[in-house]
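Report on the following structure.
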Number of protein chains: 2
Amino acid sequence: MKEWLPAIHAHKKNFTLRKGDTIFREGDPVNGIFFLYSGKVKVHKHWADGKELIVRFAREGDIVGHRGIGTELVYPVTATALEPAAVCFFEIDFFNASLKVNHDLLYELMQFYAKELMESEKSMRNLAHMSVKGRLANALLVLKSKFGLDEEGFIAFPLSKQDMSSYIGATYETTFRMMNELINEHIISVSAKYITILQEEKLRQLIRED
Amino acid sequence: MKEWLPAIHAHKKNFTLRKGDTIFREGDPVNGIFFLYSGKVKVHKHWADGKELIVRFAREGDIVGHRGIGTELVYPVTATALEPAAVCFFEIDFFNASLKVNHDLLYELMQFYAKELMESEKSMRNLAHMSVKGRLANALLVLKSKFGLDEEGFIAFPLSKQDMSSYIGATYETTFRMMNELINEHIISVSAKYITILQEEKLRQLIRED
DNA sequence: CGGTGTATTGAACAATTTCAAGGAAAGTGG
DNA sequence: CCACTTTCCTTGAAATTGTTCAATACACCG
């Protein structure tokens, strides 16, 4: 999704965001699409009592707000900065016009959607059939493979337990307890928001499907 | 997704399916894409002990197997006929070539994916935050709005309780019990696979989000 | 008519959420 | 920089929801 980004570079409008800032909110009219230059963003859906489910994380180079493309009039999700971030914004009309003209862009976007759909349906199955501990194990592996490790061996996407619980679709308390189990079993170690995977194989065992 | 179907009509290969036949299986190498001429199909993901989650239903005019498009080498889902069906098959190479050439087709496919993704993420949130009863209520409303009612006022997509439970992501027994509650509360009435919604408003109350 | 699959129900069990309550950390405004 | 507010963290116990197991009934099919 990064190759053609420079091609439409000239039409960008830049914004900077502070931690906790909202890029767009579920239900807002769709007015454009965003690219992340720097920072980390969560994309989430809301539910009663401030409950939420994080459906995706984005970092530099990623696209946000694409769920508004097509026939949708309002964003079906909210996007919130997890740390200071810089985004560039494209008017929806401009972006749609680009899609009409730029076949490669459209093809990439289609493939991107296809991949997101697969991930999403996998997550659906996980939510339906996996225990919280299994979903946590899976989330850790996904975060590692998607964002890698930093210099110190931590998963390079630090998350509050709050956000972790929203990501795996469980309550804060349950997530906390399951995390403790993993720590006591020496499968992971945790220092504030920073997580180290000690025994990847044991995590994999927790998500065996059959 | 139906408008451009005739355009590539000449390249089709037809197949007929009996109830229970599998069109393709999760893990099979992707060899093509299917269009449903008639019949109903479920698209599902498997899990241990023969558990499954139905991620989508398709009927005549719908596309099946599109999840294999792009970089994927194997289907991430299984497609099974719920009743006798007729499909037409397109080689993946031919379909990909069409996408490269036919901009409108590609655009429609992209929009289709975008819509599917939104639905999928909505389902994710429902699985994470709604009770089984709420998910059942939601499923009934979705099935009604998607497939309509037949002449007798039944939801025009008869489902075994087995499939219903796989669709809402709960066990057979729980689904059964929740269905009984809805019946006892005179919200729905059921005759074998055929369901009538008696009080749509009460179903909506069960899925209030906030 | 027996068999296979679906329907039905109860009871025990397990997983997860909810509630409650205290402590730590972190950001905010004076 | 400090007091204050808020948010996040931590833990236990109780309540709830949903699953699993088990056993029986029913229905259709060859």
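- Evaluation of the side-chain hydrogen bond (donor to acceptor under 3.5 Å, both in side chains) rule for B:E185 yields B:K133 as partners, not counting sequence neighbours.
- A straight line from CZ of A:F176 to C1' of D:dT10 spans 4 Å, rounded to a whole angstrom.
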In B/S/- notation (B base, S sugar-phosphate only, - none; protein heavy atoms under 4.0 Å), nucleotides 13-30 of chain D written 5' to 3' is B----SBBBB--------
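- Relative ring orientation between B:F147 and B:F57 is described as perpendicular, the plane-to-plane angle rising above 60° on a 0-90° scale split at 30° and 60°.
- Here C:dT17 presents its C1' atom at 12 Å from NE2 of B:H129, a figure rounded to the nearest Å.
- Using bins of under 30°, 30° to 60° and over 60° for the plane-to-plane angle, the ring pair B:Y172/B:F176 lands in the parallel bin.
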Would you list the atom pairs, donor with acceptor, under 3.5 Å between side chains in residues 162-170 of chain B and any protein atom, with sequence neighbours excluded?
| residue | atom | partner | partner atom | Å |
| --- | --- | --- | --- | --- |
| B:D163 | OD1 | B:K42 | NZ | 2.9 |
| B:D163 | OD2 | B:S160 | OG | 3.4 |
| B:S165 | OG | B:K161 | O | 3.2 |
| B:S165 | OG | B:Q162 | O | 2.7 |
| B:S166 | OG | B:E52 | OE2 | 3.1 |
| B:S166 | OG | B:Q162 | O | 3.4 |

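- Residue A:N180 places at least one side-chain N or O under 4.0 Å from the OP1 or OP2 atom of D:dT11.
- B:I183 places its CD1 atom 12 Å from the P atom of C:dA7, with the value rounded to the nearest Å.
- One interatomic measurement links the two molecules: CG of B:D163 to C1' of C:dA7, which rounds to 15 Å at whole-angstrom precision.
- One can place CG of A:L159 at 16 Å from C1' of D:dC9, the figure rounded to the nearest angstrom.
- The nearest whole Å value for the distance from the CD atom in A:Q162 to the P atom in D:dT7 is 10 Å.
- B:R177 is linked by a side-chain hydrogen bond (donor to acceptor under 3.5 Å, both in side chains) to nothing, counting only residues two or more places apart in sequence or in another chain.
- Over its full length, the helix from C:dC1-D:dG30 to C:dG22-D:dC9 turns its helical axis through 30°, comparing axes from the five pairs at each end and rounding to 10°.
- Contact check, B:Y172 against C:dT6: no side-chain N or O comes under 4.0 Å of OP1 or OP2.
- One interatomic measurement links the two molecules: CE of B:M164 to P of C:dT6, which rounds to 16 Å at whole-angstrom precision.
- A heavy-atom distance below 4.5 Å is not found between the side chains of B:L143 and B:I195.
- A 4.5 Å side-chain heavy-atom check between A:V43 and A:I54 finds every atom pair outside the cut-off.
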Verdict with reasoning, A:V87 to A:N14, per side-chain contact (heavy atoms from CB on, under 4.5 Å)
CA-CA 6 Å; A:V87 298; A:N14 284 349; over 6 Å; no
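- Using bins of under 30°, 30° to 60° and over 60° for the plane-to-plane angle, the ring pair A:H44/A:H46 lands in the perpendicular bin.
- Distance B:N184 CG to C:dT8 C1': 13 Å, rounded to the nearest Å.
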Where along nucleotides 24-30 of chain C does protein come under 4.0 Å, by heavy atom, of base (B) or sugar-phosphate alone (S), with - for untouched nucleotides?
-------
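- A heavy-atom distance below 4.5 Å is found between the side chains of A:N31 and A:Y75.
- Using a 4.5 Å cut-off on side-chain heavy atoms (C-beta onward), B:T78 and B:I23 make no contact.
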